2 protein chains.
Amino acid sequence: MSEKRHHKITIAEVAKRAGVSTATAGRALGGYGYSRQEIKDKVRKAADELGYRPNLLARGLITGKTKTIGVVAGDIQSPFYASILRGVADVTRAAGFGILLTNSDERLDREIEAVQLLREKQVDGLIVAPSDLSGSPHLHEALRDGCPVVLIDRRVRNLAADTVSVDNRAASRECIDHLIELGHRRIGLVAELEHWDSDGVPAFLHAVESGSLDSTTLFPSWQRLYGYVEALSDAGLAVDPDLIGRVGIYSAEGARRETLRLLELQDRPTALFTADGLMSAAAMDAIASLDLHIPGDLSLVCFDDLDWMSFIRPGITAIAQPLIEMGEAAARLMLSRIEGDETEPQLLALKPRFAARGSVAAPGSA
Amino acid sequence: MSEKRHHKITIAEVAKRAGVSTATAGRALGGYGYSRQEIKDKVRKAADELGYRPNLLARGLITGKTKTIGVVAGDIQSPFYASILRGVADVTRAAGFGILLTNSDERLDREIEAVQLLREKQVDGLIVAPSDLSGSPHLHEALRDGCPVVLIDRRVRNLAADTVSVDNRAASRECIDHLIELGHRRIGLVAELEHWDSDGVPAFLHAVESGSLDSTTLFPSWQRLYGYVEALSDAGLAVDPDLIGRVGIYSAEGARRETLRLLELQDRPTALFTADGLMSAAAMDAIASLDLHIPGDLSLVCFDDLDWMSFIRPGITAIAQPLIEMGEAAARLMLSRIEGDETEPQLLALKPRFAARGSVAAPGSA
DNA sequence: TTGTATGCGTTATCAT
DNA sequence: ATGATAACGCATACAA
């Protein structure tokens, strides 16, 4: 009641009230070193009476550990990152860690700036959805300085960091295989397909053909295109570049436009594969605006399972990444590194779940 | 290149290399106090060569400011909190602040634990979606200790904290008015309606009637019920308790069940009002499972505008809270408090946007 | 088991 | 304008 306003209680005041030294008080409260039960009780009582709260800055300064991990997400507003973050937060909270969150908007400059700030705040580790898959000196530097890095969703070439993702190529393949089995021959794809150092889709197709590509250090949308191409090729079907909708800049409007282009082709595809949540939503919009009926006029399979896909009619067949589990896994890897685990970097590919619903039928079954 | 691994450069080493004292080096780098341009350049050069990065823990320890704000969200996975957080993050980042994020799952114990951790980490302020609207001593205490608190979505009675929300009661009223104007007389409501100190809905209706209720310190779902009741009463319509679907525990399954109960009533409502995003999704699911047609068999208006509401057919009429703006406003209020603004606490009610789409029609227009 | 003294990396105070 | 030195609040080596 009568405490002076704004005055923060330090361990020294607790010590004085308990009649011991600050060192003893610290040991009694901090749970390190030795101290008698009797003393412990006395100190704890004094601390309670004073309303003592440790200053974690001071502790961190001396221990070199902040029990805080930094997270660089693309955009926390997207269900993708929100779910991953939920998983991260659950695991870290249970371990007494806090999380410092930043958005990069998938931009390298933002990511660099964020990593810098987080490191200055002395986070114990960094969980990052990297924007640059080939260079990223800021991440190499973090690792070199002993700051563990765990990557999510995609891998950085030559960076010895744990990575948590799914096998996008295989998952995408599974979707396309499913459509092919049902008899589809013209399958459209709508994907972001930004960030590729060569000359776009034709060059990419060439690289796939020549087998010279390490698909694990591609951005997910390219990995998914890879699976698409592979599925078609293995089925002896030609890849029609016209059916590949490359949205480029990541936007709903772009995705809508690209979907419309595909659906207004003379020889319209009988099925559509959308490579992520934003693409799916935009594609739905485009499909509705053309008054096409699913699955009668068009079959649809989506990468990423969004809540509405299960309750609209017909339900939308989708492949679901285990997002929360990915976040949890990333956090667990991080905690283990922080505890000193020096083993080889892990490349964790969690298994996506295929949710068959009503948006897929044999072609021409209207 | 030849730096020792794992060694962190301190200001003392920069000072030595630049041939000045640590105090001078600090002033040159930290932008406080006085120093000649010539010295500034020399020090900055030394810092760059050494790769110096300030340790923000040490700075925070002495300045008493961490440039970090703590956020206690209900569940970051929900689009509601994710969007608000996006707004918060944008504004704080621009001001050079970091955000420490926690989830409370709308549980008081979690919130208290979170606030404690955040305060021990010495955050400069707390943005909280409070779980307890009448007591919350932990928030009073923060305020007393000079740690600014900004509330989002709901207000704590007698807590002198800035609050950012929408006028849920008026917004809800607007939705119900719209339905009444179209001729609906039996309008169902599906809402969480947990957390109420009295004996549930009947007691609440009684309190509303007697006008003894301060609707601004109710949980949003109760405020929305308030608007519902008000709209009906003002139109001279009786409130049928049977049409009030109280889900209780916040779950999709509960909401689905309660929706089914309403829709299987002998005298089925002609319109449904869902009081938040989760309720809306669950209601859609229930409606689909009964093969009811919107808006022919049933009109639907939803509180909270989710992405799918605009692209499914028919589109779902909804009232949209300006979530990002709410987050931005909360962050701006916080920054202003941190800068020392001591004026009266603000109660900011942003204006929701009514999105009329295709899920509403006159009753019996099937 | 406890106390003393020192250090963590900064900024703040006060001479000069 | 600059430098020596004392904080900040805690943990840790070492002595007792």
Side-chain angles (χ1 to χ4, degrees), chain A residues 6-44 46-47 50-68 117 119-124 145-147, chain B residues 6-44 46-47 50-68 96 117 119-124 145-146:
Chain A
H6 278 223
H7 177 68
K8 269 165 183 167
I9 315 297
T10 73
I11 215 168
E13 309 175 55
V14 175
K16 194 192 315 179
R17 174 179 258 256
V20 297
S21 72
T22 65
T24 304
R27 281 185 289 249
L29 293 171
Y32 52 91
Y34 303 87
S35 66
R36 260 184 323 183
Q37 189 59 46
E38 184 189 333
I39 295 281
K40 269 185 187 151
D41 294 342
K42 199 164 56 175
V43 173
R44 201 149 289 176
L50 258 32
Y52 168 77
R53 292 291 144 212
N55 181 326
L56 264 29
L57 289 189
R59 177 176 295 171
L61 185 56
I62 183 160
T63 61
K65 258 85 186 61
T66 53
K67 300 209 90 176
T68 302
L117 181 65
R119 293 204 56 202
E120 290 181 357
K121 286 189 188 294
Q122 313 295 125
V123 296
D124 294 336
D145 294 347
C147 174
Chain B
H6 278 226
H7 177 68
K8 271 166 183 166
I9 313 297
T10 74
I11 213 169
E13 308 176 58
V14 175
K16 193 193 313 179
R17 175 179 257 254
V20 297
S21 73
T22 66
T24 303
R27 279 186 292 249
L29 293 171
Y32 55 91
Y34 302 87
S35 66
R36 261 184 324 189
Q37 189 58 46
E38 183 190 333
I39 294 282
K40 270 185 187 150
D41 293 343
K42 198 165 56 175
V43 172
R44 200 149 291 175
L50 258 32
Y52 169 76
R53 291 293 144 211
N55 181 327
L56 265 27
L57 289 189
R59 175 179 295 171
L61 185 56
I62 185 158
T63 62
K65 259 85 188 61
T66 52
K67 301 212 90 178
T68 303
L117 181 64
R119 294 204 54 203
E120 291 181 356
K121 286 189 189 292
Q122 311 297 122
V123 296
D124 294 336
D145 295 346

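Computed from a predicted model, the values in this text were never measured in an experiment.
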Whole-Å distance, A:Glu120 CD to C:dT10 P, equals 10 Å

Rounded to whole Å, CD of A:Gln122 lies from C1' of C:dC8 at a distance of 11 Å

Atom CD1 of B:Ile11 and atom P of C:dC8 are separated, to the nearest Å, by 15 Å

Between protein and nucleotides 1-4 of chain C, what N or O pairs are separated by less than 3.5 Å?
residue	atom	partner	partner atom	Å
C:dT2	OP1	A:Arg36	NE	3.0
C:dT2	OP1	A:Arg36	NH2	3.2
C:dT2	OP2	A:Arg36	N	2.8
C:dG3	OP2	A:Ser21	N	3.1
C:dG3	OP2	A:Ser21	OG	3.1
C:dG3	OP2	A:Thr24	OG1	2.2
C:dG3	N7	A:Arg27	NH2	2.7
C:dG3	O6	A:Arg27	NH1	3.1

B:Leu50 CG to C:dG9 P, in whole Å, measures 14 Å

Practice problem: Would you mind classifying the nucleic acid contact of A:Ile62 as base, sugar-phosphate or nothing, using non-hydrogen atoms under 4.0 angstrom? | Solution: base

CG of A:Leu56 to CZ of A:Arg59, rounded to nearest 0.5 Å, is 5.5 Å

A side-chain contact here means heavy atoms from C-beta on lying under 4.5 Å apart; do B:Ile11 and B:Asn55 qualify?
no

Residue set satisfying side chain to side chain donor-acceptor pair (under 3.5 Å) with B:Thr63, at least two apart, ordered chain then number -> none

Closest non-hydrogen atoms of A:Ile9 and A:Tyr52, given as atom of the first, atom of the second and distance, are O-CD1, 3.5 Å

Note, A:Arg17 side chain near A:Val14 side chain (heavy atom, < 4.5 Å)
no

In whole angstroms, the gap separating P of C:dC8 from NZ of A:Lys121 amounts to 23 Å

Is a donor from one side chain sitting under 3.5 angstrom from an acceptor on the other, for A:Lys121 and A:Thr68?
no

One should read off an interatomic distance between A:Thr24 OG1 and A:Leu29 CG, to the nearest 0.5 angstrom, of 10.5 Å

Check: After noting the C-alpha distance and the side-chain angles of A:Leu117 and B:Lys67, does the key distance pass the side chain to side chain contact (heavy atoms under 4.5 Å, CB included) rule?
Finding: CA-CA 11 Å; A:Leu117 181 65; B:Lys67 301 212 90 178; over 6 Å; no

Outer limits of DNA chain D sitting under 4.0 Å from a non-hydrogen atom of chain B, read 5' to 3', are D:dA1 to D:dG9

